[in-house]
2 protein chains.
Amino acid sequence: MKTHQITIKDIARILEISPSTVSRALKNHPDISPETKKLVQTFAEKVKYRPNALALSLRSSKTFTIGVIIPEIVHHFFSSVISGIEDVAYAAGYKVMMCQSNENDAREAINIQALLDSQVDGILISVSKTTRNSEPFQRIVENNTPIVFFDRVCEEIESDRVIVDDREGARIATQHLISLGCKQILMLGAPLHMLIGKQRLDGYKLAHEQNELAINPSLFMRCDTRDDVTKQADAILSLAPHIDGIFAVNDSTAIAAMQLLMKNGYKIPTQIKVIGFGDGPNATISSPSLSTVGQKGYEIGQESTRMLLTRISNPDLAEAFHTRVLTPELIVRESTTI
Amino acid sequence: MKTHQITIKDIARILEISPSTVSRALKNHPDISPETKKLVQTFAEKVKYRPNALALSLRSSKTFTIGVIIPEIVHHFFSSVISGIEDVAYAAGYKVMMCQSNENDAREAINIQALLDSQVDGILISVSKTTRNSEPFQRIVENNTPIVFFDRVCEEIESDRVIVDDREGARIATQHLISLGCKQILMLGAPLHMLIGKQRLDGYKLAHEQNELAINPSLFMRCDTRDDVTKQADAILSLAPHIDGIFAVNDSTAIAAMQLLMKNGYKIPTQIKVIGFGDGPNATISSPSLSTVGQKGYEIGQESTRMLLTRISNPDLAEAFHTRVLTPELIVRESTTI
DNA sequence: TTGAAAGCGCTAACAC
DNA sequence: GTGTTAGCGCTTTCAA
């Protein structure tokens, strides 16, 4: 049984004044006499009056809600991003409507439509891996709803973006190893048709070039999961005697490699130094703890939300779109500390 | 510059019929002639008409939105829960409005109010650690908004609940060690004034009783973080020669203990078997991989959402409240496998 | 078979 | 200083 929420009309009826007076009194409109104001305000307080956000939104076409679409919540990086989004949104008085695409472009498209139907004031999105078609994003633009892409952007859509410089992260990681004296660095990388696969390899190469170090093509392996390490254990072990460092595209691969090497008698970091990428919760828990590159999920969330809120409050400011590039940070732990 | 979204009124004007006819035609009302229907529907399609959810909600006082408040998103357990919530909500055509309390009761109260103001159809909440006052929850009840507490409930509020049986989880874990022949099991526990601290100790004790095994009080240590393990390393090591198993209240403590012991020459699982609690992402990444107790976050999310949706669709069904207790599951990995 | 009108809760011209 | 009215977008009686 639904209890009828008290409305301005109710208050007006009970106090025998008009709804508009109540409305004005509640928002301290200068026209209203102090007595009426007090009367209305104390009464409203007493009956716990709360404005109906739906009515407000319908009237003002402003919902104070931002929509967020991410591939997977259960992922340390994305949950950090959400945390950043939520904190900034909350501080600015905005609510967050959250959807996950589960890396499924159809679900992503449906989520977009649902957010638009809900009249959200803006949308933050990190594109699903399966997405090929930019049409759903195009609808957001046509709808004139501000949008900010973060981490995984859609190239075809002109918009604000927040990304991390993956290549630079890989360069920093590799440079760190080189600075520690490593000369033969094995890279455990992702498939090159993936953007992160390519960019992180580029960073690896760049660091070598900058240090005038030759790149040994046999020191690149396509290996980016724990399972891959197990499957390719023989190959890794056969390379092991000739290397002094490993750079892996993600933490779990780095940790798996570290464990494989240690099980086979290698000392880390003395003989071989290891660095990962991502700074998930694993990195601190491994033994030795893992040096890695922090992806700044929380900052990405904060920054994208700030950019979105700026667009929302300056809708007709036809200012050029910005792409904010965050530089990943080197996090040094035991796996590279002698 | 805001593009005016096309409305039913616009369509009516252009087609020179009345808004009510358009409305009816769009929802296939039997009264409308086939020709008019076709006319309206194809036109609506052409101009990409989309109903304004705000207007719908205002009229029907139904938002198809559920509110979720959790302590921290960046926490594997909670992000699993959210994932479960989102999946079930999505399948039922509901949207999710998400807030985090950051373990702050004031922010929690504000979030509750914001959700109520937004007229969400129901609320899912896991109570913040700092919450002492049940009044904010009381408001939800007074507002007649269905509510389901999950994991961390508020005792004073009568409502549906979904919790995991922590004591049973601890019992299962301890029983597992006992079944493997352990007789001197060190428990690394949380403070006893915390519910999980008490319940998991109870489970530990229960397993001993059920196996007619004496409980050695010196085998309980207050130690529930990685740091604690470091600080109390000496104490742990002095006990080590006399124990054959360890049960820790969470995975990271278990892993830290495991690492400490291995560094000091103990073989795991041969000499000492170790089991944790939680099944976060660390458990698989440690070496040896960690046996643990799965908390079923995803299932909790699913189940609470199902219960909430049931309440939402049967508002006046004054059926008694249910408390659904999920049994944690034993997950056996290398740290207890001989 | 279609249209007119009222109302969901709120605010803001425009009266007076 | 306060009230009347109209309208945000939609649906639904009621009337034609």
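Proteins come first, then strands; the chains are lettered A, B, ... in the order of their sequence lines, and each starts at number 1.
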> The side chain of T21(A) lies closest to which of these nucleotides: dT11(C), dG3(D), dC10(D)?
Replying inline: dG3(D)
> Would you call D160(A) and R306(A) a salt bridge, using N to O less than 4.0 angstrom?
Replying inline: no
> Taking the side chain of Y49(A) as its heavy atoms from C-beta onward, which of dC10(C), dC8(D), dG3(C) lies nearest to it?
Replying inline: dC10(C)
> Whole Å only: how far is the NZ atom of K62(A) from the C1' atom of dT11(C)?
Replying inline: 17 Å
> Any ion pair linking K48(A) and E142(B) (charged N to carboxylate O, less than 4.0 Å)?
Replying inline: yes
> Between N102(B) (side chain) and N104(B) (backbone), is there a donor-acceptor pair under 3.5 Å?
Replying inline: no
> Considering the options S134(B), C154(B), S101(B), which one meets the side-chain contact (heavy atoms from CB on, under 4.5 Å) requirement together with V127(B)?
Replying inline: C154(B)
>> Does this structure show an ion pair linking E103(B) with R152(B), if we count only N-O contacts that are shorter than 4.0 Å?
In response: yes
> How long is the line joining CD1 of I17(B) and P of dG3(C), in whole Å?
Replying inline: 6 Å
> Between the main-chain N or O of T63(B) and the side-chain N or O of D121(B), is there a donor-acceptor pair closer than 3.5 Å?
Replying inline: yes
> Within this structure, what is the CG-to-P distance between L58(B) and dC10(C), rounded to whole angstrom?
Replying inline: 9 Å
>> How many whole angstroms separate atom CG of L15(A) from atom C1' of dG1(D)?
In response: 16 Å
> Reckon T7(B) touches a base, only the sugar-phosphate, or nothing at all at heavy-atom distances under 4.0 Å?
Replying inline: sugar-phosphate
> Rounded to whole angstrom units, what separation is found between the CZ atom of R50(A) and the C1' atom of dC10(C)?
Replying inline: 15 Å
> Would you say dC8(D) has OP1 or OP2 under 4.0 Å from some side-chain N or O of K9(B)?
Replying inline: yes
>> Give the residues of residues 22-44 of chain A touching DNA chain D, defined as any heavy atom closer than 4.0 Å, sorted by residue number.
In response: R24(A), D31(A), I32(A), S33(A), T36(A)
> Can you tell me how far C1' of dC8(C) sits from CD of Q5(A), to the nearest Å?
Replying inline: 13 Å
>> Considering every strand and a 4.0 Å limit on heavy-atom distances, what is the contact class for L54(B): base, sugar-phosphate, or nothing?
In response: nothing
> Do the side chain of T130(B) and the main chain of D105(B) share a donor and acceptor less than 3.5 angstrom apart?
Replying inline: yes
> Atom CD1 of I8(A) to atom P of dT2(D): distance rounded to whole Å?
Replying inline: 15 Å
> Hey, does the side-chain of R59(A) have a donor or acceptor N/O within less than 3.5 Å of a partner on the base of dC10(C)?
Replying inline: yes
> Over how many whole Å does the gap from H4(A) atom NE2 to dG7(C) atom C1' extend?
Replying inline: 13 Å
